[in-house]
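Shown next, in structure tokens, is the structure this report addresses.
Throughout, residue positions are numbered sequentially from 1 according to the sequence presented.
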Amino acid sequence: MVTNIRLFHAKKMHTTSRVLPVPMTWLVFTLLLSSAAAAETVKVITTPVFAQIPRFQSSKDFQVLVRVEAPPAAQQQRRVPIDLAVVLDVGTGPVRLDAVKKAVKFIIRQIHDDDRVAVVGPSSNSRLVTGFLSTRDARRDAENSVDELEPRGEFTSGAGAGLEEAIKILRELPATESRSSRARARFIILVTDAATTEASNRFSKLPREDLPPVHTLGLGAAYDPRALLYIASESQGTYSFVDDDDTDGITGAIAVCLSGLKDVVAVGTRVRVEAPLGITIERIDSGGYMTSPVTRDEKASGEVAVGVLYAGEVKSFIVHLSVPALPSTTTAMTSLDGGCDKQQLLTTSFIGHYTTSDEEDAAGAAPASPSPTVTQAILYVQRPPPEAMDGTLQRVPVPVVMNHIARFDLLEMVTTFVNKEIGRLTSSNTVEVAAKLRIQWEQFVQARQFWSGLDLGVLDVEVNRMVSILEEPAGRGRTRSGSSSTAYMLSWLSSYQMQRPTAMGSPGSVAAAFVTVNMQLMLQQATIVTTGAPLCVDGGCPACECRCEEERCVQPLPPPVLVPSGRGDDTFRVNPVYPQDVLFNAINQAMKHMYLALVQASNLTRCDAAAGLEVLPA
């Protein structure tokens with residue numbers, strides 16, 4: 001029995017000036033739902049490292065955090081359909097091939113009816129499955145084709161030829177749907193246990209025009225992690241790996257990647273930053289995303305190419321500005337905003353192509369406009385004059401900005417370390433290399449020990465994990481010469497460069513900063529499929545007759561928001577399965593709506609930051 005569940009979202013919340021005697025818990029819950037229903041568009045948030053710059057002081061390196069937040073999948077009314085090509089380059093034993101087949105079947109069951117999938121098999125790089133999977137019979141036929149996969153032969157061309165075939169398949173498909181002109185996103189997933197530099201060299205010769213993101217997954221110890229990272233980085237994909245001793249984790253590792261691919265919010269996206277006259281953009285920290293050169297002469301603008309944006313994910317960049325002191329002749333009416341001692345520093349625009357919803361298509365609505373949608377945010381900072389500086393000037397940096405600055409600094413440190421040390425890693429010098437990494441991390445922490453609000457706890461765990469893997473004796477997972485540490489560090493780099501989750505040895509080893517709710521739900525389904533656990537547990541649906549291998553199964557209840565801190569006392573911490581940025585933003589939005597509702601009900605006047613005093617209507 002298949003149960004269809006429809007989620008209803010409030011389109012509009014009507015308010016009155018009368019205060020109703022309702023419990024506060026009901027009000028909080030209602031406001032949370034209203035906030036969630038309203039948050040259906042991409043948000044652009046700019047946060048300066050300091051809220052104030054003294055008027056007659058300059059700042060040669062004033063950092064601004066730019067954040068792009070995509071709506072969660074449960075809130076979005078639109079998704080971009082995808083074309084996905086899965087390349088399989090597997091030839092080591094029937095056990096691993098069977099696990100890969102199970103993972104491919106998981107993909108077939110998970111994708112939506114308007115998605116298209118193709119599978120390029122390891123034997124002779126033959127095209128096994130293409131086209132639409134709009135019916136259950138079509139999906140079963142596709143799974144039967146997957147069962148016929150043969151392992152890689154002795155004379156098979158390998159991953160490089162498979163990638164070429166996959167790119168050819170995707171380019172042959174129309175870029176839009178004829179009935180609605182909806183934009184589509186294209187991806188490749190490469191699963192291999194033997195890719196070498198030959199594959200990356202072959203990939204490097206492919207034309208870069210319209211190259212789809214390639215998400216690579218390495219299995220075991222016989223492939224070259226650097227080749228897979230190169231392929232992923234060049235195409236704005238990600239690199240994950242699964243150790244030899246975790247064959248069952250292949251489906252989970254696929255789920256980590258697929259959780260984003262199947263819920264794309266926008267395509268062709270980019271973030272553009274522009275500074276007003278007199279302020280220059282010195283550089284942009286963007287990780288693995290391509291940044292257009294800042295204009296040499298004026299340094300007035302810059303752009304980051306993001307590409308596809310997944311539901312529920314957050315992209316963060318640091319913009320470094322040079323802000324001059326203001327001359328004494330500057331008046332609030334000319335260079336400053338609104339007479340409030342504020343100066344405009346930065347205009348940030350998020351530009352992307354969205355798609356119409358299925359409901360709009362069914363109703364015969366006009367196709368989405370080919371022109372991209374633009375969302376803007378304008379940043380102002382206070383520039384108080386000397387007479388206003390009475391000792392209350394706030395010079396405490398904003399913690400969230402400091403934490404992101406440290407994140408990009410660590411990414412640069414690890415990148416340099418990998419380029420210098422990992423290339424010469426052998427079975428005899430792993431302990432020496434581990435000691436160097438530990439020393440560099442200790443110096444990193446010491447140099448930032450007085451940064452106000454900085455929290456390096458999560459990064460400390462991840463770096464020490466790299467060190468411990470380097471120090472591990474040979475024989476576990478990869479050998480020392482192959483180095484599980486190389487795979488782990490490169491997968492960590494891929495995750496932090498692209499700001500997306502990667503499976504670092506197993507689906508349970510994922511950078512906490514990039515975990516999304518979608519990923520957690522997808523992992524639950526993958527775990528149930530892999531272990532064969534029944535869908536109906538804990539009395540959740542006793543009459544259910546469906547099998548987990550055919551349905552999309554999740555746990556009956558969500559994980560708790562707060563869990564014990566583990567300190568042996570009565571303190572709690574936020575459950576790491578919830579992205580803290582998204583969770584806290586939802587709470588902040590709920591409190592904002594509560595505040596505005598109380599102000600309106602009391603007929604009070606509030607001071608709006610952009611428009612001065614504002615009287616809310618009764």
Side-chain angles (χ1 to χ4, degrees), residues 82-153 156-159 161-163 165-170 172-173 186-195 214-220 240 242 247-259 261-262 503 507 522 525-532 546-553:
I82 68 170
D83 296 332
L84 175 62
V86 183
V87 179
L88 305 179
D89 176 36
V90 182
T92 307
V95 175
R96 179 177 292 166
L97 182 59
D98 288 344
V100 171
K101 290 180 181 180
K102 182 178 291 188
V104 175
K105 291 179 181 180
F106 180 78
I107 294 175
I108 293 172
R109 298 177 192 127
Q110 286 293 326
I111 62 174
H112 297 275
D113 289 344
D114 54 354
D115 296 332
R116 301 182 291 212
V117 65
V119 178
V120 179
S123 179
S124 302
N125 297 311
S126 58
R127 183 186 308 187
L128 296 182
V129 183
T130 60
F132 296 93
L133 299 175
S134 56
T135 66
R136 174 166 296 188
D137 288 340
R139 294 177 190 266
R140 286 175 175 168
D141 290 342
E143 292 182 27
N144 291 334
S145 297
V146 171
D147 285 332
E148 298 174 0
L149 286 172
E150 296 292 336
R152 181 181 58 248
T156 302
S157 300
L163 287 174
E165 176 68 13
I167 293 172
K168 179 182 177 182
I169 292 173
L170 293 180
E172 289 175 351
L173 295 174
R186 297 176 171 181
F187 304 98
I188 296 175
I189 295 179
L190 169 63
V191 183
T192 179
D193 60 6
V214 181
H215 298 276
T216 60
L217 174 60
L219 310 178
S240 298
V242 175
T247 304
D248 290 339
I250 295 176
T251 300
I254 289 289
V256 169
C257 175
L258 187 65
S259 63
L261 306 189
K262 68 189 295 287
M522 186 74 71
Q525 298 172 63
T527 301
I528 293 175
V529 168
T530 302
T531 60
C546 62
R547 293 183 302 167
C548 283
E549 289 191 357
E550 296 181 355
E551 307 301 332
R552 299 173 181 178
C553 311

**Prompt:** To the nearest 0.5 Å, how far apart are CE in Met522 and CG in Leu261?
**Reply:** 8.5 Å

**Message:** So Leu190 and Leu163, do their side chains get closer than 4.5 Å, heavy atoms only?
**Reply:** yes

**Prompt:** Is any side-chain heavy atom of Lys102 less than 4.5 Å from a side-chain heavy atom of Ile250?
**Reply:** no

**Message:** So, taking the atom named CD in Gln110 and the one named CG in Leu258, what distance separates them when rounded to the nearest 0.5 Å?
**Reply:** 6.5 Å

**Request:** Evaluate the side-chain proximity of Ile188 to His215: yes if any heavy-atom separation is below 4.5 Å, no if none is.
**Result:** no

**Request:** Check whether any side-chain heavy atom of Ile107 sits under 4.5 Å from a side-chain heavy atom of Ile254, and report yes or no.
**Result:** yes

**Item:** Note, Arg96 side chain near Val90 side chain (heavy atom, < 4.5 Å)
**Value:** yes

**Message:** Would Leu217 and Cys257 count as a side-chain contact (heavy atoms from CB on, under 4.5 Å) here? Give the steps.
**Reply:** CA-CA 9 Å; Leu217 174 60; Cys257 175; over 6 Å; no

**Request:** Identify the two heavy atoms, one from Ala255 and one from Ala526, that lie closest to each other, and give their separation to 0.1 Å.
**Result:** CB-CB, 3.8 Å

**Message:** Which heavy atom of Thr251 sits nearest to which heavy atom of Ala99, and what is that distance?
**Reply:** OG1-O, 4.2 Å

**Prompt:** Once you round to the nearest 0.5 Å, how far does CG of Asp89 lie from CG of Leu219?
**Reply:** 9.5 Å

**Prompt:** With a 4.5 Å limit on heavy-atom distance, are the side chains of Val120 and Leu88 in contact?
**Reply:** no

**Prompt:** Can you tell me how far the CG atom of Leu170 sits from the NZ atom of Lys168, to the nearest 0.5 Å?
**Reply:** 12.5 Å

**Message:** So, using side chain to side chain donor-acceptor pair (under 3.5 Å) as the criterion, who are the partners of Lys105 when residues are at least two apart?
**Reply:** Asp147

**Item:** Candidate pair Ile82 and Phe187, rule side-chain contact (heavy atoms from CB on, under 4.5 Å), full reasoning
**Value:** CA-CA 7 Å; Ile82 68 170; Phe187 304 98; 3.8 Å; yes

**Worked verdict on Asp141 versus Asn144 for side-chain contact (heavy atoms from CB on, under 4.5 Å)** = CA-CA 5 Å; Asp141 290 342; Asn144 291 334; 4.2 Å; yes

**Asked** Do side-chain atoms of Arg116 reach the backbone of Leu173 as a donor and acceptor pair under 3.5 angstrom?
**Response** no

**Prompt:** Would you call Glu143 and Arg109 a salt bridge, using N to O less than 4.0 angstrom?
**Reply:** yes

**Message:** Could you report the tightest heavy-atom contact between Ala85 and Ala166, atom names first, then the distance?
**Reply:** CB-CB, 3.8 Å

**Prompt:** What closest approach, in Å, do Ala253 and Pro507 show between heavy atoms, and which atom pair accounts for it?
**Reply:** N-CB, 3.8 Å

**Prompt:** Between Lys262 and Asp115, does at least one N-O distance fall below 4.0 Å, as a salt bridge requires?
**Reply:** no

**Message:** Is any side-chain heavy atom of Val191 closer than 4.5 Å to one of Val87?
**Reply:** no

